[in-house]
Amino acid sequence: MSEHSIKMLLVVEDNRGDARLIREMFNEYGEPGTHMTHVERMSEAEAHLATHHVDVILLDLGLPDAQGLETLRRAHVAAPAVPLVVLTAYDDETTAAQALQQGAQDYLIKGQIETRGLLRALRYAVERKVMEEALFAEKERAQVTLKCIGDAVACTDNAGRISFLNLAAETMTGWTLLEALGQPMAEVLRIVDATNPSSANRSLVRRDGLEFPVEESVAPIHDRVGQTTGSVIVFRDVSVARAMAARLSHWAQHDFLTGLPNRMVLNDRIGQAIVLAARHAKKAVLLFLDLDNFKHINDSLGHPIGDKLLQSIAGRLVKCVRASDTVSRQGGDEFVVLLSEVSNPEDGAAMARRMLDTVAEAHTIDQHDLHVTTSIGISVYPDDGLDAETLIKNADMAMYQAKETGRQGYKYFERAMNARAVERQSLEEGLRRAVERGELELYYQPKLSLATGAITGAEALLRWTHPVRGAVSPAQFIPVAEDSGLIVSIGNWVLREACLQARRWANAGLPSISMAVNISAVELRKEGFLAGVFAIIAETGVEPALLELELTESVLMKHVDLAAAILKRLADAGVKLAVDDFGTGYSSLSYLRKFPINALKIDQSFVRQIATDPDEPLVRAIIGMGRALKLKTVAEGVETEQELTFLRERECDEGQGYLFSRPVPPSRFASLLVQGIDQQVVPAGSPLRLSV
Ligand code: C2E
Ligand code: MG
Ligand code: MG
């Protein structure tokens, strides 16, 4: 049994003569690889076991500092998993027997020890311990299995008396295992032919008389020689399965969250409505609803609250319509409402207005008063389509249009809308080739220290010159790039290009400044993002501490844990992180502490307020918060002297905006950097002048 071979033997024996004898036996006949350690006291044994691995212990029960079973107990405490063979005096068989009961694997009587006996005792001790462990694990597994399986399991002995019930069997019979032990099986498992002919053919009558349909199977238990010693009965409550089947067919047609009819049912009903409308020369109207900014609610308050909000909205929508109409949930935050047999397509508008109002009323959910608005697109049969698919598609397109013209509104489908879809499509196509064709470039906008006027950093901003359309604004194409996933390759290009540019400036001996790059949610989520950033850092040789990634709040709040893990790795590498457009997302401030953030970029909409309110509280609050959290504050979109003065007085750290410079091509930026060196320090109070 080489797999249980003994490498380390510990002999605890105060009698040196006995110890020497044992050592000689080992040296002569023991396995070659075995190492024997000898100690004379229990305290030494304990010290040895605390720091060394031992395969088996040979333990004298009479030591100077421990006697009898005490010795055994202490050895167990010191090394619970190590098998023990005890040595006792020839006249102390009682102690030996007790030692076995208390976990010793074997005992040897002093004066009667011979070599083979000793070696065998030790080897078997190790083997038995291994088997004991395996058996224990096996038994545990069986017990856990029996406890967990949903099927009820009962065992009986040969006389048909209950010897075991698992948890499910206890529940189904109404008997606890303790009560049932030794009871005749027929008493506990009252299985009868079903009284209800439509159910399964057998039923179990629970202790309290309740009857439910079961399926059962019985198998005999044999002992080692093949004799039957009892049986195992497994039975299953099939009423659950049957209810489940019924539920499944319900959920195949309904939305889990709201209980509303789902897409499939809606398609069916539209089909019916079309038939009716055609027959009675009427119309059918579809309203496509999509909540505004629902994502923010989900991201900031969590999905459970988002879910409850959807349920609340579903309830209100249902109250708006007639019984013959259908409110369905498409998924996400989209609902489609079908109004059938409508005489006047204008009825759709009336319904849309009613729905806009009812959705907009506050929803009280878990102590939150939530306000949410919706946008609605309307399509009409037969004017806008002759089948369900087209009608839904066109209502959807109208909904998009409603969103674009400002939220909380409705819009009827118009043929022209198709043109917009085509337009978006062509933008995507163009973008797809823009990288290869070299139509993308980066402009750089400086960030300045408001205290000194020195340029501290650059933000890389994408510019796209379309061969036909000319300049397309990022506000227009970034969302398309994000939706189509193109942002991943574009973002990669931006990061590499910006890092290369930073190196070029550094190589040209220009002052070292930070380089900020905007990162979309889509990029951050994409597998391999982190590896990509590190690869670009390595490849371009940019100094990680000079690289700053700008992320918006909503990016951080989506997939918080993932974002936290990624950002932590970046921060560990020295890369800086800034929250872009700070204050525009649904900030939960606790998030700020979750992430290794270095800077807050105050959104320009707040900076713009300074003109109307000379004591603008929000900007002040953000600057104060940044200071408290030891975060740098950067004001975005600084356009006027007035804004600058305000920000300076409130000790905002840095500023960025047209007042200093628009985003400019790299060559222009380089000369800005040089100019900046020329007039590095601006006396506090005097306006900055950095004309471009
Ligand atoms: P952002 O990151 O907040 O960038 C600042 C935007 O404000 C830029 O618009 C900039 O030109 C503009 N801006 C700067 N100073 C002023 C000012 O004084 N007044 C006004 N009115 N505007 C100012 P831009 O370049 O059109 O970019 C818009 C947004 O597009 C950026 O907002 C950013 O979110 C996104 N974006 C731009 N480049 C990239 C990129 O490479 N990757 C990603 N993912 N997003 C980008
Ligand atoms: Mg930015
Ligand atoms: Mg911004």
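Numbers here simply count residues along the sequence, with the first being 1. Counting starts at 1 for both ligands and their atoms, following the listed order.
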Heavy atoms from other residues, nucleotides or ligands near CZ of Arg469 exceed 12 (cutoff 6.0 Å)
yes
Under 4.0 Å between heavy atoms, the region of Asp581 that gets near ligand 1 turns out to be side chain
If you compare all heavy atoms of Ile537 against all heavy atoms of Pro544, which two are closest, and at what distance to 0.1 Å?
CG2-CG, 4.0 Å
Identify, by atom number and element, the atoms of ligand 1 in contact range of Pro474, meaning under 4.0 Å from any of its heavy atoms.
24 (P), 25 (O), 26 (O), 27 (O), 30 (O)
Out of all atoms in ligand 1, which are within 4.0 Å of some heavy atom of Glu636? Include the element for each.
3 (O)
Any Lys/Arg nitrogen of Lys447 or Glu459 sitting under 4.0 Å from an Asp/Glu carboxylate oxygen of the other?
no
Checking Ser379 side chain against Phe413 main chain: does a donor-acceptor pair fall under 3.5 Å?
no
Restricting to N, O or S atoms of Glu550, which is nearest to the Mg ion (ligand 2)?
OE1
Quick one: report the N, O or S atom of Glu459 that is nearest to the Mg ion (ligand 2).
OE2
Is there a polar contact, in the sense of an N or O pair closer than 3.5 Å, between Val494 and ligand 1?
no
Determine, considering heavy atoms only, which of Glu550, Glu643, Glu482, Gln604 sits nearest to atom 22 (N) of ligand 1.
Gln604
Taking distance alone, with no angle check, do Asn518 and ligand 1 share an N/O pair under 3.5 Å?
yes
Do any heavy atoms of Arg662 fall under 4.0 Å from ligand 1?
no
Could you tell me how the ring of Trp505 sits relative to the ring of Phe669: parallel (under 30°), tilted (30 to 60°) or perpendicular (over 60°)?
parallel
Tell me the contacting part of Ser520 for ligand 1: side chain, backbone, both, or neither, using a 4.0 Å heavy-atom threshold, strictly below.
both
Contact with ligand 1 for Gly491, non-hydrogen, under 4.0 angstrom:
no
Do side-chain atoms of His363 reach the backbone of Val359 as a donor and acceptor pair under 3.5 angstrom?
yes
Any atoms of ligand 1 less than 4.0 Å from a non-hydrogen atom of Glu639? List them with their elements.
17 (C), 18 (O), 19 (N), 20 (C), 21 (N)
Just checking: Asp580, one of its N/O/S atoms, less than 2.8 Å away from the Mg ion (ligand 2), yes or no?
yes
Side chain of Ser520, backbone of Val522: donor and acceptor closer than 3.5 Å?
no
Counting backbone and side-chain atoms alike, does Asp581 have an N/O/S atom under 2.8 Å from the Mg ion (ligand 2)?
no
Should you measure from each heavy atom of Glu523, which atoms of ligand 1 turn up under 4.0 Å away?
44 (N)
Using the six-membered ring of Phe606, assess whether NZ or CZ of Arg608 lies under 6.0 Å from its centre and within 45 degrees of the ring axis.
no
Could you tell me, atom by atom, which parts of ligand 1 come under 4.0 Å of a heavy atom of Gly637?
15 (N), 16 (C), 17 (C), 18 (O)
Counting distance only, does the side-chain N/O of Arg329 pair as donor-acceptor with the main-chain N or O of Phe335 below 3.5 Å?
no
Hey, is the main chain of Asp613 close enough, under 3.5 Å, to the side chain of Glu616 for a donor-acceptor pair?
no
Side-chain (Thr358) to main-chain (Met355) donor-acceptor, under 3.5 angstrom:
no
Are any of the heavy atoms in Arg463 under 4.0 Å away from ligand 1?
yes
Decide whether the shortest distance between a heavy atom of Gln656 and an atom of ligand 1 is less than 4.0 Å.
no
Ser328 side-chain N/O to Val336 backbone N/O, donor-acceptor pair under 3.5 Å:
yes
Tell me which part of Val638 gets within contact of ligand 1: side chain, backbone, both or neither, using heavy atoms under 4.0 Å.
backbone
Options Glu497, Arg608, Gln445, ranked by nearest heavy atom to atom 15 (N) of ligand 1, top entry:
Gln445
Strictly under 4.0 Å, does any heavy atom of Glu459 approach an atom of ligand 1?
yes
Determine whether a donor-acceptor pair (N or O, by modelled atom type, separation under 3.5 Å) exists between the side chain of Asp581 and the backbone of Asp603.
no
